[in-house]
Structures are given as C-alpha cells and as structure tokens.
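What follows is one structure encoded as structure tokens, with my remarks underneath.
The chain is numbered in sequence order, starting from 1.
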Amino acid sequence: MKNKVLVVIAGQEFTLVSERDEAHVRRVAERVDAEIMSIARESTASSANIAVLAAANLAEASLTALETAENLRAQLKDFLAESSRIKAENAELKREIARLKQDGQMHFSQ
C-alpha cells in the first residue's frame, strides 16, 4: 500500500508517495531538507543549483554506502569461507584423534 506523506523541504510543502512507512518518508525528507539548508547557508547559488548540489551530495553518500556494503559483503563471504575451511579441518583433526585413540597410539588422562 502506498503512503502519501506531507513534508516540508526547503520551506516548501511536498506530498511524497512511498511504499515505506511514514516515519521513513519523514526521515528521508528531513535528510534532504538538512542537505539543502546546509548548502544554502554557504552558497548564493540559485534554488535549482542548490537542489542539484544537494542531490549530488546525497547520491555520493548513497554510492559510498553501497560500496561500503559491497566491501563488507565480500569480507563476510571471505570470513564464511575461512570459517567453513577451519570447521572442516577441525572435523578432520577430531577424526584423526579418534582414529589414533582407537589404534591405541594416544593416551589421554582425564
């Protein structure tokens, strides 16, 4: 179900339509508003240029977050592969210990 949420960005009202809940839509609007207002405080550029700069900044932040997430996914994949390798090695060592115990070659005291 689509939600229509009335928000204020850069002093103007907008109705945003989203599948996401109202709280999420408001957080998005607040982030956009904060970025626009931050640029507007430091610039004499036109409203359109400020909006484009804000969009570029937000897109850059989004791409950086995506790259970071991809890097973390790759690291996690590597860690899981290493974990599987270590588990297999551990299982093999346990089998070897059991075999040696059975053969009477190892004695453990409890």
Inter-residue atom distance Thr68.OG1 - Arg73.CZ, 0.5 Å rounding: 10.5 Å
Heavy-atom closest pair, residues Ile36 and Ala54: CG1-CB, 3.6 Å
Stepwise side-chain contact (heavy atoms from CB on, under 4.5 Å) check, Asp78 with Gln75: CA-CA 5 Å; Asp78 291 346; Gln75 286 181 15; 5.6 Å; no
Separation of Ser43 OG from Leu53 CG (nearest 0.5 Å): 6.5 Å
Check: Asn57/Glu35 side-chain N/O donor and acceptor closer than 3.5 Å: yes
Nearest-0.5 Å distance that lies between atom CD in Glu19 and atom CG in Asp21: 11.5 Å
Under 3.5 Å: donor-acceptor pair, side chain of Ser38, backbone of Ala34: no
Distance-only side-chain donor-acceptor flag, Asn71 / Glu67, under 3.5 Å: no
Neighbour count above 12 (heavy atom, 6.0 Å) for Glu82 CD: yes
Interatomic spacing from CG in Asn90 to CZ in Arg85 - rounded to 0.5 Å: 11.0 Å
Residue that, paired with Leu16, satisfies side-chain contact (heavy atoms from CB on, under 4.5 Å) out of Leu6, Val32, Val7: Val7
Shared hydrophobic cluster, Val5 / Val8 (ILVMFWY, side-chain heavy atoms < 4.5 Å): no
CA sep, side-chain torsions, deciding dist, call: Glu30, Arg26, salt bridge (charged side-chain N to carboxylate O under 4.0 Å, His left out): CA-CA 6 Å; Glu30 288 168 4; Arg26 289 197 182 285; over 6 Å; no
Joint hydrophobic cluster, Met37 plus Ile39, side-chain heavy atoms closer than 4.5 Å: yes
Polar side-chain atom of Thr64 near backbone of Glu60 as donor-acceptor pair, under 3.5 Å: yes
Val25 reachable from Phe14 in the ILVMFWY side-chain graph, under 4.5 Å edges: yes
Spatial distance of atom CE (Met1) from atom OG (Ser18) [nearest 0.5 Å]: 11.5 Å
Atom pair CG/NZ of Leu80 and Lys87 - distance to nearest 0.5 Å: 8.5 Å
Over 12 foreign heavy atoms within 6.0 Å of CZ, Arg20: no
Side-chain heavy-atom pair Asn3, Glu22 within 4.5 angstrom cut-off: no
